[in-house]
There are 2 protein chains.
Amino acid sequence: MKAWRSYIIASRRLLDALDADLAGHDLTMADYEVLAQLSDAPDRRMRMSELAKIAMVSKSRLSHRMKVMEKAGWVRREECESDKRGYFAVMTEKGWKAIVKAAPDHVDSVRNRFVDHLTVKDQEELAKIFDRVQSNLRDQYIAEDK
Amino acid sequence: MKAWRSYIIASRRLLDALDADLAGHDLTMADYEVLAQLSDAPDRRMRMSELAKIAMVSKSRLSHRMKVMEKAGWVRREECESDKRGYFAVMTEKGWKAIVKAAPDHVDSVRNRFVDHLTVKDQEELAKIFDRVQSNLRDQYIAEDK
DNA sequence: CTCATTTGGTTGAAAGTTGAATTAGTTGCC
DNA sequence: GGCAACTAATTCAACTTTCAACCAAATGAG
C-alpha cells in the first residue's frame, strides 16, 4: 500500500505537470486527447460517439467541449447523411494547425517529465505491466456485465 | 509515444475503476485521500494548509470539500488558539467510522484492480520508476523556481 | 405497418474546480 | 509602537464536469 500511495502521488504530479506544460497552447490533456484522436482519423472526421469512446470522455462532456472548441474554430460539426441522428466531428484547418503546433511540445514534455528518466528496459516493463492491468480491467468490466 | 499513450489510458481506467469502487462509500479518491491523511495525523487533527499539501489538493478545494464533509458530519473545524488565522481540520467519530469502513474495501479494490496483477518484482520496479520520476519532477519544479 | 425499444446526441441544472481577490491575523524591522 | 510584508483560510466569479431528462431517428418484433 505504501508503494501504491507513492505511485498515486507521482502519477498525479506527472499529469499535473503535463497539463501545465500544455496550458501554453490553451489545451488541457483531455482536449488534447480529443483533438489528437480526431486528427488521426481518416479525413480528420469521426462520429461523436466513437470519438467520445476512444478519447475516454463521456458523450455529454464531448458535446460541451465541442461547443467550446467549435467557438475557438478548431472543429466543426457535420450531420451524418446515413443516420440523421448522428453527427461527425470534423477538425478544421485551424484546429489542425493548433494540434500540429502543440504536439511536439507535448511530446517533449512527456519525454522531459517522464520517458527520459526511464531506461529502455523500464519502458518495456512498464508497457507490459499496464497492458496486463488494462486487460484485467477490461475482463472485470465485462464480468460485471455493464 | 505509443507506450505512453497506452499507459495514460490504462492508468485513467484504473483510477476510474477505483473511484467507482469507492462510490459505494460515498467517497471519491480525492476525499478518501484527505480523510486518510487526516486519520493518520496525531489526534486525527491537522492544520488546513498542511492537510491540503499532503493530500495534494488546493487550499480552496479543501475548503469546499471540508464544507461538504462537515455537513456529512465526518469532520469539523476548530480554530487554532496559537494562530487565530488558522483552523484545524478534525475528524469526528463518525468520520473515523466511515473511513475505517471504507478502507478495507478500498485496499481490496487496489489489490484486485492492480497489485494482484503484478509480480513482486514488478512492484519493486514500479516503485523505483515512479520514485525516480517524482524526484525529477520535484527537481524540475525547484529549477523553475516557483 | 406500428408501436415499443434502443441509440446518437444535446441540453440545463447542479455540483465541482480553479485562481484571483479578500479578510483577518502575524511577523519583522526600524 | 507602527507599518509594510507575509501567511492562513475563505469567498467569489468563471468555468468545467456530471447527471438525468430529453428529442429525434432507427430498429425490430409482432
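Per chain, numbering begins at 1; letters A, B, ... match sequence-line order.
If you measure from atom CG of Asp16(B) to atom C1' of dT17(D), you get 13 Å, rounded to the nearest angstrom. The distance from atom CG of Asp26(B) to atom P of dG16(C) is 11 Å, rounded to the nearest whole Å. Atom CE of Met56(A) is separated from atom P of dT17(D) by 14 Å (rounded to the nearest Å). Straight-line distance from the CZ atom of Arg65(B) to the C1' atom of dT18(C): 14 Å, rounded to whole Å. Computed from coordinates, the Leu62(B) CG to dT18(C) C1' distance equals 14 Å when rounded to whole Å. If you measure from atom NZ of Lys71(A) to atom C1' of dC15(D), you get 12 Å, rounded to the nearest angstrom. Residue Arg76(B) contributes atom CZ, which lies 16 Å from atom P of dA9(D) at whole-angstrom precision. To the nearest angstrom, C1' of dT17(D) lies 17 Å from CE of Met66(A).
In this view, His25(A) and Asp105(A) satisfy the side chain to side chain donor-acceptor pair (under 3.5 Å) rule, not counting sequence neighbours. Every residue was checked against the ring pair (Phe, Tyr, Trp, His ring centres under 6.0 Å) condition with His117(A), not counting sequence neighbours, and none meets it. Take Asp16(A) and apply the salt bridge (Lys or Arg N to Asp or Glu O under 4.0 Å) test, not counting sequence neighbours, and it matches Arg12(A). Applying the side chain to side chain contact (heavy atoms under 4.5 Å, CB included) test to Ala127(B) and every residue at least two apart in sequence or in another chain returns Ala3(A). Ser11(A) pairs by the side chain to side chain donor-acceptor pair (under 3.5 Å) definition with nothing, not counting sequence neighbours.
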Side-chain donor-acceptor pairs of residues 70-77 of chain A under 3.5 Å, sequence neighbours excluded:
from: Glu70(A); atom 1: OE1; to: Arg77(A); atom 2: NH2; distance (Å): 2.7
from: Glu70(A); atom 1: OE2; to: Arg77(A); atom 2: N; distance (Å): 3.4
from: Arg76(A); atom 1: NH1; to: Glu78(A); atom 2: OE2; distance (Å): 2.5

Donor-acceptor pairs are to be reported for all side-chain atoms of residues 47-60 of chain B against protein atoms at under 3.5 Å, with residues two or more places apart or in another chain.
from: Ser58(B); atom 1: OG; to: Arg61(B); atom 2: N; distance (Å): 3.0

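Listed by chain and number, the hydrophobic cluster partners of Phe88(A) are Val90(A), where partners are ILVMFWY side chains within reach of under 4.5 Å, directly or through others.
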Please list, pair by pair, any protein nitrogen or oxygen found under 3.5 Å from a nitrogen or oxygen in nucleotides 1-4 of chain C.
none

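The pair Arg45(B)-Asp43(B) does not count as a salt bridge, with every side-chain nitrogen at least 4.0 angstrom from each carboxylate oxygen. Ion pair Asp122(A)/Lys128(B) not flagged as a salt bridge, since none of the NZ, NE, NH1 or NH2 atoms sits closer than 4.0 Å to an Asp/Glu carboxylate oxygen.
Near-neighbour residues of DNA chain D inside residues 31-51 of chain B, defined by a heavy atom below 4.0 Å, number-ordered: Arg47(B), Met48(B), Ser49(B).
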Base contacts versus sugar-phosphate-only contacts with protein, heavy atoms under 4.0 Å: please encode nucleotides 18-27 of chain D as B, S and - from 5' to 3'.
BB----BBS-

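At the phosphate of dT11(C), OP1 or OP2 sits under 4.0 Å from a side-chain N or O atom of Lys67(A).
Taking the nucleotide of DNA chain D with the nearest heavy atom to each of Thr28(A) and Ser63(B), the more 5' of the two is matched to Ser63(B).
Residue pairs meeting the side-chain hydrogen bond (donor to acceptor under 3.5 Å, both in side chains) criterion with at least one member in residues 87-101 of chain B, sequence neighbours excluded, do not occur.
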